[in-house]
Structures are given as C-alpha cells and as structure tokens.
Amino acid sequence: MENKLRDEVCQANIALGESGLAPLTWGNVSGIDREKGYVVIKPSGYPYSQLRPQDLVIVDLEGHLVEGYLRPSSDIATHIQLYKAFPEIGGICHTHSTFACAWAQSGKEVPVLGTTHADTFYGPIPCTRDLSEEEVKEAYERNTGKVIVETFSGKDPMACPGVLVKNHGPFTWGTSASAAVEIALILENVCHMATLTYVINPTVKSAPDYLIEKHYKRKHGDTAYYGQKGPLPPKK
C-alpha cells in the first residue's frame, strides 16, 4: 500500500506546486488507505519541486507517526478529522489560493452564479464560522477540521467537495489525492469568476435551480452523460 499511495500523493503535491495554487509551500495534499487506517501527507514546509515519495510522512488516524523521518504537515490534524467524518473521501488538498482565500477572508459562501460552479458543486460553497479564541489556542488544527465537519452537518460532502475556512482558506477533497487537487483548481477558478461577476454586476442573483440541477446531474449520478465511458483509446 504505502509505496503506491506514496507515489500518488507525491505526484499530487508536485502537481499542486506546479498549478500555482500554492506559492512557496502554502498548501498540502494527503491520501488515505482506508483498510489500514494510514494517512500519507506532505512534510511540513517542504518544497514541492524537491519532494520524493520517500519524503512523505505516514500517520495513523490518531496522528501517531507510522513511518517517515520528517515532520508531517502542520494541517495533519485537520485532514484526520475530515477522513474520520467523511468516509467516502480518499484525498484532501489545502491551499492558500488567491481568490478562494479572498472569499474565505470575506466570510461569505460562494453562490452558484453559473454552470461552471454547478458542474462540480451542488449548491453554494460554504464558509465556516469563526473559530473561538479557545478553539484557536487549544488544538487549532483539529478544531479547524471539526468546524468544517460542523459546517457539513446534514450535507453530502461528495456533492460539495470543498469548503472555505473563515479567515484562512480552502480545503477540497475527492476520491483520491489527485482528484482533490483537481477540485482545488476548479474551486479557485469558480471563486475568481464569482469575484469578477460581482464587479460587473453587484446585484447579480444565483443561477436558476433548474439550470444548477441540469448541469450537476449531467456529470454526476445514475443519469450522468458527460464524458466517455471507460478509458480513452491510446494515441497512435
């Protein structure tokens, strides 16, 4: 398990660095082996361009070190809370991308203004409440995870695979580490589009529910028809 998952998580972190979503070392990606209960994550403050599979850190779901010679990302406790609460997810990505952070700092959810949003997020992208002073002082990263879980109470985390943490930034997730990075890229673009839309028309309203429904369900669920069935044929 570890070698395959290490390789995947390493490539996802490198892709995150190359995407421009995480300048310097402002982000991290993890993946989980559900059978063993092991999480593989980027080491804290480690440059993406220098990352090798053997540099990644493996911890259990209590945060105990299983394997690795470096410290895990400082956000590991947040990742663990999400893995515990959302059993469907296989990977998590955290960034400090510009437009997603701007929305997080504003404390506002991102409404569904168009079909690009609706293709991936079935409804507004939520923003958490403020953490209390006590929550920040004691177990800050774990409480960050808890406030995300609180925000998704009664919601399907796979239908809206991302969140804005108030005054902080976005966390996204998916079935794998690479999927979580892809959703982080989509979320940043959706936030960028929403920002420009409000500049052009400050009184804009959300897209009609029937349009949101159509675009989400043509990509997701039993009636989806977007894309191809099975792998694409090899290039000749």
*Heavy-atom side-chain contact between Cys10 and Leu56 under 4.5 Å*: yes
*Kindly give the cluster partners of Val181, where membership spreads through any ILVMFWY side chain lying under 4.5 Å from a current member.*
Leu16, Leu21, Val29, Tyr48, Leu185
*Does the side-chain contact (heavy atoms from CB on, under 4.5 Å) test come out yes or no for Val149 and Ser153, once each step is laid out?*
CA-CA 6 Å; Val149 174; Ser153 177; over 6 Å; no
_Nearest 0.5 angstrom please: Ile80 CD1 to Arg142 CZ, how far?_
10.5 Å
*Roughly how far apart are Asn143 CG and Glu150 CD, rounded to 0.5 Å?*
10.0 Å
*When rounded to the nearest 0.5 angstrom, what distance separates OG in Ser178 from CG in Asn13?*
11.5 Å
*Do any N or O atoms from the side chain of Arg34 and from the backbone of Ile89 form a donor-acceptor pair under 3.5 angstrom?*
yes
*Donor-acceptor pair between Glu213 and Tyr122 side chains, under 3.5 angstrom*: yes
*Just by distance, with hydrogens left out, do Thr195 and Trp103 show a side-chain donor and acceptor under 3.5 Å apart?*
yes
*Using the side-chain contact (heavy atoms from CB on, under 4.5 Å) rule, take Thr197 and Asn201 through it: C-alpha gap first, then chi angles, then the decisive distance, then the call.*
CA-CA 6 Å; Thr197 301; Asn201 181 5; 5.5 Å; no
*asked:* Between Glu188 (side chain only) and Phe99 (backbone N and O only), is there a donor and an acceptor less than 3.5 Å apart?
replied: yes
*Do Tyr83 and Ser30 have side-chain atoms, one donor and one acceptor, less than 3.5 Å apart?*
yes
*Above 12 or not: heavy atoms from other molecules or residues under 6.0 Å from NZ of Lys84?*
yes
_Quick one about Asn28 and His94 (side-chain donor to acceptor, distance below 3.5 Å, no hydrogens or angles considered), yes or no?_
no
*Would you mind reporting whether Asp75 and Ile92 have side-chain heavy atoms less than 4.5 Å apart?*
no
_Could you tell me if Glu135 and Ser132 have a donor-acceptor pair between their side chains, going purely by distance under 3.5 Å?_
yes
_Closest approach of Leu164 to Ala100 (non-hydrogen atoms, all atoms of both residues)_ = CD2-O, 3.7 Å
*State whether the number of non-hydrogen atoms from other residues, nucleotides or ligands found under 6.0 Å of Asp209 atom CG is greater than 12.*
no
_Working for side-chain contact (heavy atoms from CB on, under 4.5 Å), residues Met193 and Thr116_ = CA-CA 9 Å; Met193 291 177 189; Thr116 309; 3.9 Å; yes
_Hydrophobic clusters here meaning ILVMFWY residues chained together by side-chain heavy-atom distances under 4.5 Å, can you tell me if Trp26 and Ile183 are in one?_
no
*Hey, is the main chain of Ala224 close enough, under 3.5 Å, to the side chain of Arg218 for a donor-acceptor pair?*
no
*Which pair of heavy atoms, one from Phe121 and one from Gly162, lies closest together, and at what distance?*
CE2-N, 3.9 Å
*Identify the heavy atoms of Leu113 and Ser206 that sit nearest to each other, and give their distance.*
CD2-CA, 4.2 Å
*Side-chain ion pair, Lys4 and Glu8, N-O less than 4.0 Å*: no
*Looking only at heavy atoms, what is the nearest atom pair of Val136 and Tyr140, with distance?*
O-CB, 3.2 Å
*Say you draw a straight line from CG of Asp7 to CG of Asn3; how long is it, rounded to the nearest 0.5 Å?*
6.5 Å
*Tell me whether Val204 is reachable from Ile212 by hopping between hydrophobic residues (I, L, V, M, F, W, Y) whose side-chain heavy atoms are closer than 4.5 Å.*
no
*Show the numbers, then the answer: is there a side-chain contact (heavy atoms from CB on, under 4.5 Å) between Lys36 and Asp33?*
CA-CA 6 Å; Lys36 293 190 175 181; Asp33 183 317; 3.8 Å; yes
_Keeping Ser73 on the side-chain end and Ser44 on the backbone end, is there a donor-acceptor pair under 3.5 Å?_
no
*Among pairs that include at least one residue of residues 88-116, which meet salt bridge (Lys or Arg N to Asp or Glu O under 4.0 Å), considering only residues two or more places apart or in two chains?*
none
*When you measure from the side chain of Lys217 to the backbone N and O of Gly221, does any donor-acceptor pair fall under 3.5 Å?*
no
*From Thr128 OG1 over to Phe171 CZ, what is the distance, rounded to the nearest 0.5 angstrom?*
10.0 Å
*Val39 vs Leu61 side-chain heavy atoms within contact, under 4.5 Å*: yes
*Less than 4.5 Å apart, any side-chain heavy atom of His79 and any of Ile41?*
yes
*For Glu141 against Ala77, the heavy-atom pair lying closest together*: CB-CB, 3.9 Å
*So, His117 side chain and Gly123 main chain: donor-acceptor pair closer than 3.5 Å or not?*
yes
*If you measure only the distance, is there a donor-acceptor pair under 3.5 Å linking the side chains of Tyr69 and Asp55?*
yes
_To the nearest 0.5 Å, what is the distance between NE2 on His215 and NZ on Lys219?_
9.5 Å
_For the student: nearest non-hydrogen atoms of Ala184 and Cys93, plus distance_ = CB-SG, 3.8 Å
